[in-house]
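Quick note on labels: first sequence line is chain A, next is B, and so on, each numbered from 1. Note that the structure is predicted; figures quoted are calculated from it, not measured.
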Protein chains: 2
Amino acid sequence: MIEARYLRVLRAVAQSGSFSAAARELGCTQPAVSQQIKALEQAVGVPVVVRSGRTTRLTEAGEALHRHAAGILAGLTAAEEEVAAMAGLRAGRVRLVAFPSGSSSLVPHAVAEVRAAHPGVRVSLVEAEPPEAAAMLRAGDVEIALAFRYPSPSGARLGPAGDDWSDLVVRSLLDDRLVGLVPAGHPLAAAGRVGPVNVAELADEHWIAGCPQCRSHLVDLCESAGFTPLIEFATDDYPAVVGLVAAGLGVAVLPLLALEAVRLAGVAVLPLGPEACREVVALTLPDLVNVPAVDVTLGRLSRAALRISALRDTGASLGLPHTGA
Amino acid sequence: MIEARYLRVLRAVAQSGSFSAAARELGCTQPAVSQQIKALEQAVGVPVVVRSGRTTRLTEAGEALHRHAAGILAGLTAAEEEVAAMAGLRAGRVRLVAFPSGSSSLVPHAVAEVRAAHPGVRVSLVEAEPPEAAAMLRAGDVEIALAFRYPSPSGARLGPAGDDWSDLVVRSLLDDRLVGLVPAGHPLAAAGRVGPVNVAELADEHWIAGCPQCRSHLVDLCESAGFTPLIEFATDDYPAVVGLVAAGLGVAVLPLLALEAVRLAGVAVLPLGPEACREVVALTLPDLVNVPAVDVTLGRLSRAALRISALRDTGASLGLPHTGA
DNA sequence: TCGCATTATAAGGATTGCTTTGGGTTTCAC
DNA sequence: GTGAAACCCAAAGCAATCCTTATAATGCGA
């Protein structure tokens with residue numbers, strides 16, 4: 001079996017015209033070159049060099065190998081270069097899948113930073129709800145999945161709806177507080193009110209729910225508060241939720257992240273207790289954390305999440321009180 | 001440094017979809033595949049495979065390497081195949097240089113046999129006198145040189161005219177007897193004469209000499225017999241020598257091999273003593289005897305020489321008595 | 001939940017590769 | 001012709017690599 005090493009040595013010998021010069025060119029000793037040539041000759045079964053006096057030339061077989069070696073070694077260096085570009089973040093591809101409200105705030109900042117720092121790295125994005133996102137990750141369709149999970153009643157933090165993330169790398173990005181949404185002028189939105197609102201105070205309202213996980217968590221939340229919500233609408237289109245609430249058709253509980261890109265007209269935002277939150281995480285496969293492009297993207301996602309958390313903690317976002325988590 | 005071995009393993013993994021299957025395909029054990037992949041990943045600095053559950057896929061870097069591997073491995077197998085063809089005598093090139101009288105009888109038989117037995121082997125031929133032929137061999141212009149040498153007075157058998165063949169492989173092909181050439185009707189060509197003629201009997205004749213080496217040897221031969229030949233013509237064109245002798249312009253001493261392709265009209269051939277001979281040899285470089293095409297050509301040259309010797313020993317050639325060497 | 005399949009890890013053994021050392025040969029210069 | 005330099009080979013020692021076997025851990029399907 002011809003090894004690439006043999007061809008490198010052969011090329012050096014052909015170029016330099018002697019074993020010693022080839023050894024200097026390759027940065028090794030002359031016996032090493034001699035042995036490599038001998039190994040190559042044993043591998044192919046015919047002599048490749050012919051020595052006459054002090055001069056060293058290639059045999060016909062050696063010339064044939066040398067001719068092929070040019071393309072083979074060029075292909076090898078091209079392959080090395082291409083992969084080295086990925087290792088050096090001069091190239092690479094990162095495919096993201098994110099839940100819809102994550103794409104509007106968290107992802108854009110992170111992607112923009114990655115693209116600015118490493119223009120050769122291409123980041124693509126599709127949207128999917130957490131269960132499907134994890135499936136895409138496991139299927140190899142994406143490298144990073146942005147998902148979220150609500151704290152389960154038992155306290156264990158698995159993925160949503162029975163999805164087990166124990167085979168994934170789970171990187172916690174931020175705790176996304178939930179807020180209540182009521183029509184402007186609603187009694188609970190009175191000016192003098194301070195402190196979080198208890199969900200039980202909305203027990204008699206009509207409800208507008210979001211995506212399936214959110215709806216499921218809403219039910220859990222309300223039942224913990226002692227009632228079952230009367231859900232009349234369900235849509236994962238957050239501007240639509242805001243519109244429905246503003247129209248007085250019901251109340252809603254939405255994560256803050258979902259509201260960042262929505263114009264809040266005709267609604268009042270009610271702070272809820274600290275137990276009303278969801279955890280936003282980035283998921284990836286264990287092997288992929290060693291891929292530089294994936295690693296740097298995860299890092300930028302963390303930074304973007306920290307930025308959002310910091311904004312909230314200083315009250316700059318939506319004028320809400322500190323979460324105090 | 002990426003080795004070809006890594007790419008073979010990577011390709012097997014990509015094709016089979018698992019390490020174990022790749023190991024079976026490659027004829028080795030699964031840990032070997034695992035280690036090779038790890039070595040490859042360490043060489044390029046990026047993961048090349050990503051394992052999710054039971055399935056194994058390639059990363060972007062792995063795909064890039066796999067893409068390059070196709071061409072690289074194809075080039076390697078093409079190189080192996082081309083050299084294997086030379087090793088298997090399905091291809092190859094042998095360049096011969098021969099002295100003129102060797103080309104007319106010895107070489108054609110041998111070349112024809114080589115071509116018949118191994119149609120893929122190309123044998124080419126140029127003509128040159130021994131000193132130049134050896135120089136061409138050392139310069140790498142030919143693989144085999146056909147030359148001859150006369151026994152030196154001291155008994156050492158070096159190359160002609162001070163040329164040292166100790167760095168070459170000298171393969172003795174045949175002992176080429178020398179014969180005297182006199183005009184038809186010359187007294188020494190009388191019918192009753194038996195046994196070899198002594199050169200001294202031609203001391204008073206005018207001489208026609210051949211190539212420089214032959215001329216030099218002729219002088220040695222005559223001086224050993226006690227006289228200095230009066231050389232009036234010198235040409236390495238053997239038909240011309242015969243013509244000059246037939247015209248009565250002198251006598252000559254020529255090797256038998258040189259006469260095989262010459263029509264002997266108007267001349268008489270005189271047998272000389274056994275000391276009047278030259279050795280026809282095939283020369284090559286030590287490294288080249290391991291080249292199959294060169295080796296088989298040398299073998300056929302030996303066989304052709306044996307055939308010529310056998311013809312002479314049975315008296316089938318020129319009607320001369322046995323050499324009894 | 002059990003059983004089969006796959007992978008990772010560790011250790012042993014063998015092979016390979018590289019270097020150093022020494023010797024023979026060729027070539028060039030004085 | 002002789003000395004010096006360059007080149008190559010051969011052998012020995014050492015280190016690294018590779019492959020194997022054996023074992024443990026994990027994942028998947030019945």
If I take atom CD in residue B:Glu41 and atom P in nucleotide C:dA8, what distance separates them, rounded to the nearest angstrom? 9 Å

Would you call A:Glu82-B:Arg67 a salt bridge at under 4.0 Å N-O? yes

When we call it a touch if two heavy atoms are under 4.0 Å apart, what does A:Arg24 touch: a base, just sugar-phosphate, or nothing? sugar-phosphate

Please write out each protein N/O paired with an N/O of nucleotides 17-26 of chain C under 3.5 Å, distance rounded to 0.1 Å.
unit_1 : atom_1 : unit_2  : atom_2 : d
C:dG17 : OP1    : A:Arg5  : NH1    : 3.1
C:dC18 : OP2    : A:Gln36 : NE2    : 2.5
C:dT19 : OP2    : A:Thr29 : N      : 3.0
C:dT19 : OP2    : A:Thr29 : OG1    : 2.8
C:dT19 : O4     : A:Gln35 : NE2    : 3.3
C:dT26 : O2     : A:Arg54 : NH2    : 3.2

Five-pair end axes of the helix from C:dT1-D:dA30 to C:dC30-D:dG1 and the angle they enclose, rounded to 10°: 30°

Distance-only donor-acceptor check, side chains B:Glu143 and B:Thr284, under 3.5 Å: no

OP1 or OP2 of C:dT9 less than 4.0 angstrom from a side-chain nitrogen or oxygen of B:Lys38, does that happen here? yes

Distance, nearest 0.5 Å, that separates CZ of B:Phe99 from SG of B:Cys211: 9.5 Å

A:Arg90 vs A:Glu81, salt bridge (charged side-chain N to carboxylate O under 4.0 Å, His left out): CA-CA, chis, key distance, verdict: CA-CA 10 Å; A:Arg90 300 187 303 279; A:Glu81 173 53 35; 3.3 Å; yes

With no hydrogens and no angle check, do the side chains of A:Glu25 and A:Ser16 hold a donor and an acceptor under 3.5 Å apart? no

From CZ of B:Arg51 over to C1' of C:dT7, roughly how many Å is that when rounded to an integer? 8 Å

Terminal contacting nucleotides, 5' and 3', DNA chain D versus chain A (heavy atom, 4.0 Å): D:dA5 to D:dA10

Can a salt bridge be assigned to the pair A:Glu3 and A:Arg8 using a cut-off of 4.0 Å between side-chain N and carboxylate O? no

Separation of A:Arg93 CZ from A:Ser124 OG (nearest 0.5 Å): 7.5 Å

Any ion pair linking B:Asp141 and B:Arg95 (charged N to carboxylate O, less than 4.0 Å)? no

Any B:Ser18 side-chain N or O less than 4.0 Å from OP1/OP2 of C:dA5: no

Distance in Å, A:Arg149 CZ paired with A:His217 NE2, rounded so as to fall on 0.5 Å steps: 13.0 Å

Kindly check if the number of other-residue, nucleotide or ligand heavy atoms within 6.0 Å of CZ (A:Arg215) is above 12? no

Charged N to carboxylate O below 4.0 Å: is that the case for B:Arg278 and B:Asp175? no

